[in-house]
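Below, chain A is the first sequence line, B the second, and so on; all start at residue 1.
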2 protein chains.
Amino acid sequence: MSLRHALLGLLSERPASGYDLLKRFETSLANVWPATQSQIYTELTKLADSGLIMVAAEGPRGRKEYTLADAGMAELRHWLTETKPQRNTRSDLLLRVFFLGVLRPEQARAYLTELVELSAHEHEQLRQLDEAIDWDDDDLSVYGRIALEYGLRFNAMRREWAEWAATQIK
Amino acid sequence: MSLRHALLGLLSERPASGYDLLKRFETSLANVWPATQSQIYTELTKLADSGLIMVAAEGPRGRKEYTLADAGMAELRHWLTETKPQRNTRSDLLLRVFFLGVLRPEQARAYLTELVELSAHEHEQLRQLDEAIDWDDDDLSVYGRIALEYGLRFNAMRREWAEWAATQIK
DNA sequence: TTCTACATGTAAACTGTTACATGATTCC
DNA sequence: GGAATCATGTAACAGTTTACATGTAGAA
């Protein structure tokens, strides 16, 4: 149940409405924890009911601005320090690799070549994002930069692996 | 819905019972697509109902041995060649990184140090698995080795990243 | 005035996890 | 005879996706 912690985390930076949070998910958090509009609004209601967040203000068009309650900050800290991350790496991309033997060698190689391109493309997207952001030296910048660096290294690794893998066939 | 394709893929290698498939998930496939006993038996029933697999034989203790039907092989090939992999990387491990700013610097560094150890540990597990397996040059060996190499490279990358990240704090 | 962005909510279907429930065969 | 392993199945719950449904405020 990480969605609630993602919401608590975002609210720890500043108060926001469901709509604001949705936008933040679509941009910064989409790569590590995608969430839909429906899921976010439902979870915010639950978080407010359980007292981890509060409706601090109501604005035009029924806008509700949420703030983190003390209990919410405590829960966020607990999640960060006391719970172990799952190394649950469900990857349909890698699952396919196991079964490439049912294809002809050139088809299998084509799949791996697509992965090279996919990784190169994602790497480039992140590189552009990196350039576009005016990095500061506040918390958000430090940790945002660290997360982005992970994406860069990950895509570089995956690209090299897929290039190597393509040479292993036949 | 990759579970059904994982099952079709395993059955493309050889006929198997639900129990056999469960064991294969626990060992080889656990790293890329974990599945529970309950899920596997339920999905096998659905696959048989829709004609993608068939019950070829029944053994002791109610054992049902499934084989891949032609339609199942077609569906497997379709999945491998015609559908795009999701680059859906839900990672609670990385999600936490975004919010490490709410912790004290030494706590944040401790989290990253744990990731170094986690990656080193997983790398070592895979290295031992690599040594233990008697790699052949059949399809299964070629693609199994490719998938394992991914794991090795991934954990090496993650370890180096976490080591670097720890130096970036404060 | 009309379009776009803001803004929220619910229902149904699907996927995945945990727990319960049962029983047969083989090995020691 | 007892324990471990083989073998299957279902129920309840939690999490996720897709689709539907509605309406307001501001900008051009």
Nucleotide [N], atom [atom2] - distance to [atom1] of [X] in whole Å:
{"X": "B:M1", "N": "C:dA13", "atom1": "CE", "atom2": "P", "value": "16 Å"}
{"X": "B:K46", "N": "C:dT15", "atom1": "NZ", "atom2": "C1'", "value": "8 Å"}
{"X": "B:Q39", "N": "C:dG16", "atom1": "CD", "atom2": "C1'", "value": "5 Å"}
{"X": "B:Q86", "N": "C:dT15", "atom1": "CD", "atom2": "C1'", "value": "13 Å"}
{"X": "B:L44", "N": "D:dT8", "atom1": "CG", "atom2": "C1'", "value": "11 Å"}
{"X": "B:K23", "N": "D:dA7", "atom1": "NZ", "atom2": "P", "value": "10 Å"}
{"X": "A:I40", "N": "D:dT18", "atom1": "CD1", "atom2": "C1'", "value": "15 Å"}
{"X": "A:E26", "N": "D:dT17", "atom1": "CD", "atom2": "P", "value": "13 Å"}

At what distance, to the nearest 0.5 angstrom, does CZ of B:R153 lie from CG of B:L126?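 So the gap between those two atoms works out to 13.5 Å.
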To the nearest 0.5 Å, how far apart are CG in A:N31 and CZ in A:F25?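 The CZ atom of A:F25 is 12.5 Å from CG of A:N31, to the nearest 0.5 Å.
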For residues 162-170 of chain B, tabulate all N or O donor-acceptor pairs below 3.5 Å that involve a side-chain atom, not counting sequence neighbours.
from, atom 1, to, atom 2, distance (Å)
B:E163, OE2, B:R159, NE, 3.0
B:E163, OE2, B:R159, NH2, 3.4
B:W164, NE1, B:Q168, OE1, 3.4
B:T167, OG1, B:W164, O, 2.5

Can you classify the ring geometry of B:F99 versus A:W79 as parallel (below 30°), tilted (30 to 60°) or perpendicular (above 60°)?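 Plane angle between 30° and 60°, so tilted.
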Which atom pairs link the protein and nucleotides 7-9 of chain C when you take only N or O atoms and keep those under 3.5 Å?
from, atom 1, to, atom 2, distance (Å)
C:dA7, OP1, A:R63, NH1, 3.3
C:dA7, OP2, A:R63, NH1, 3.0
C:dT8, OP1, A:K64, N, 2.9
C:dT8, OP2, A:G18, N, 3.4
C:dT8, OP2, A:Y19, N, 2.7
C:dT8, OP2, A:Y41, OH, 2.6
C:dT8, O4, A:Q37, NE2, 3.4
C:dG9, OP1, A:K64, NZ, 2.4
C:dG9, N7, A:Q37, NE2, 2.9
C:dG9, O6, A:Q37, OE1, 3.2

Just distance, no hydrogens or angles: give the donor-acceptor pairs under 3.5 Å from side chains in residues 42-49 of chain B, sequence neighbours left out.
from, atom 1, to, atom 2, distance (Å)
B:T42, OG1, B:S38, O, 2.6
B:E43, OE2, B:R4, NH1, 3.2
B:T45, OG1, B:Y41, O, 3.0

For the residue pair A:T83 and B:R96, confirm or rule out a side-chain donor-acceptor distance under 3.5 Å.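 A donor-acceptor contact under 3.5 Å links the two side chains.
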